[in-house]
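A, B, ... follow the sequence lines: proteins, then strands. Residue 1 opens every chain.
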Protein chains: 2
Amino acid sequence: MLRLSKLTDYAVVVLVRLSGMDGVQTSPGIAAATGIPEPTVAKVLKSLAAGDLVASQRGARGGYRLNRDLSAIPIADVIAAIDGPIALTACVEGSGAGCESQGLCPMRGRWDPVNEAIRKALSGITLADMQVALLPAFRLPAHQAQLQSAAE
Amino acid sequence: MLRLSKLTDYAVVVLVRLSGMDGVQTSPGIAAATGIPEPTVAKVLKSLAAGDLVASQRGARGGYRLNRDLSAIPIADVIAAIDGPIALTACVEGSGAGCESQGLCPMRGRWDPVNEAIRKALSGITLADMQVALLPAFRLPAHQAQLQSAAE
DNA sequence: GTTATCCGGACTGTCTCAGTCCTGATTGGG
DNA sequence: CCCAATCAGGACTGAGACAGTCCGGATAAC
């Protein structure tokens with residue numbers, strides 16, 4: 001199903017939220033604004049900080065802020081920060097020696113071109129692209145349910 | 001991590017194996033040729049048959065054969081047959097009404113362009129593309145271990 | 001010095017998935 | 001006409017990953 005983790009979904013929400021503000025923001029504040037549980041927000045922000053997508057300021061009056069503009073953050077970077085490197089199968093470069101049936105398995109890194117294609121596709125879409133289509137929903141909170149039922 | 005199931009990996013191996021033969025092949029036969037456990041091969045073939053990628057013949061002397069040429073099978077079709085429709089998150093068209101926090105969640109189907117990009121990328125790669133790079137491994141069964149250690 | 005915040009890790013319940021098995025339906029051969 | 005071989009479809013189980021939570025420590029403002 002090509003499922004990506006729910007944490008990645010949260011990460012996008014958090015990053016978009018961060019982009020709207022000037023100074024630093026605390027994780028409780030973001031949690032309250034987004035409706036995501038506070039510990040989960042903290043966890044996501046830690047991963048994002050490890051991936052250099054956000055900068056952290058410790059101590060009182062501390063918090064997080066964006067490191068780059070949304071248009072400079074491809075969705076691939078977010079996925080890599082939260083879920084680790086993008087790889088469809090276990091049989092990729094990272095764990096080349098891990099496959100137990102090396103002799104029999106005729107695939108030997110055959111998914112690499114597929115991985116490459118996906119990586120390329122994900123690198124071409126930035127958070128700014130995802131945000132533009134998201135704005136109308138903010139403007140019509142009362143009509144969301146209506147729009148939804150119409151789309152079904 | 002964008003993990004796709006191991007079954008999909010097996011499916012590609014099985015389909016490539018099927019392409020090399022003229023008549024029908026039984027699942028035990030394919031299992032023996034590929035090294036994949038027989039029940040697993042049967043399971044994969046059933047899913048592939050449900051997806052119209054292979055045709056099945058029941059009864060004695062029955063088996064499976066390819067429905068189309070490898071070059072006419074995009075990898076996206078294989079994934080869809082094994083893992084279901086391609087969708088990164090749960091919040092897509094399929095389960096539009098399932099998201100519990102519809103009011104708060106500002107993403108509302110925001111991943112659709114990303115899904116579309118990936119679907120497009122996966123539709124552009126056929127099994128034939130994956131096979132060409134795979135042939136050398138078939139020709140040098142005795143040298144595989146050697147090539148491998150050299151690559152590490 | 002006290003308080004608020006981030007940091008890093010460990011821990012647990014839940015859920016999905018890989019893999020197996022069983023019972024029935026279909027077809028060809030003896 | 002009966003039997004063997006094969007596919008069809010589902011149920012079942014053990015393992016692994018993930019979401020979510022919590023705790024002790026470090027850092028910086030007041």
Under 3.5 Å: donor-acceptor pair, side chain of Ser123(A), backbone of Arg119(A): yes
Of Glu38(A) and Ala60(A), the one whose closest nucleotide on DNA chain D sits nearer the 5' end is Glu38(A)
To the nearest Å, give me how far apart CZ (Arg65(A)) and P (dT5(C)) are. 18 Å
Provide, to the nearest angstrom, the distance between the CG atom belonging to Asp9(B) and the C1' atom belonging to dA18(C). 13 Å
What integer distance in Å separates Ile82(A):CD1 from dA17(D):P? 19 Å
Note: for Lys46(A) and Gly62(A) on DNA chain C, the residue whose nearest nucleotide lies more 5' is Gly62(A)
State yes or no: do Leu70(B) and Met21(B) share one hydrophobic cluster built from I, L, V, M, F, W and Y residues joined by side-chain heavy-atom distances below 4.5 Å, directly or via other members? no
Verify the contact: side-chain N or O of Thr26(B) to OP1 or OP2 of dA5(D), cut-off strictly under 4.0 Å; return yes or no. no
Whole-Å gap separating C1' (dA18(C)) and CG (Asp83(B)): 12 Å
Can you tell me the distance, in whole Å, between the CG atom of Leu48(B) and the C1' atom of dA8(D)? 14 Å
Which whole-number value in Å describes the distance from Gln25(B) CD to dC7(D) C1'? 15 Å
Whole-Å gap separating C1' (dA26(D)) and CD (Gln57(A)): 15 Å
Are Arg68(A) and Asp77(A) ion-paired here, with the side-chain N under 4.0 Å from a carboxylate O? yes
When you check the phosphate oxygens OP1 and OP2 of dG19(C), does a side-chain N or O of Tyr10(B) lie under 4.0 Å from one of them? yes
Here the distance between atom P of dC7(D) and atom CZ of Arg61(B), to the nearest Å, is 13 Å
Taking the nucleotide of DNA chain D with the nearest heavy atom to each, does Gly59(A) or Lys43(B) sit closer to the 5' end? Lys43(B)
Strictly distance-based, threshold 3.5 Å: is any side-chain N or O of Asp129(B) a donor or acceptor partner for the main-chain N or O of Thr126(B)? yes
Side-chain N or O of Ser5(A) closer than 4.0 Å to phosphate OP1/OP2 of dA17(D): no
Kindly indicate whether the side chain of Thr40(A), heavy atoms from C-beta on, has any atom under 4.5 Å from the side chain of Tyr10(A). yes
Look at the side chain of Arg58(B) and the base of dA25(C), then say whether one donor and one acceptor between them are separated by less than 3.5 Å. yes
side-chain N/O Tyr64(A) vs dC7(C) OP1/OP2, d < 4.0 Å: yes
Base, sugar-phosphate alone, or nothing: which one does Leu45(A) contact when heavy atoms must sit under 4.0 Å apart? nothing
Residue-phosphate contact under 4.0 Å: Ser27(A) side-chain N/O, dT5(C) OP1/OP2: no
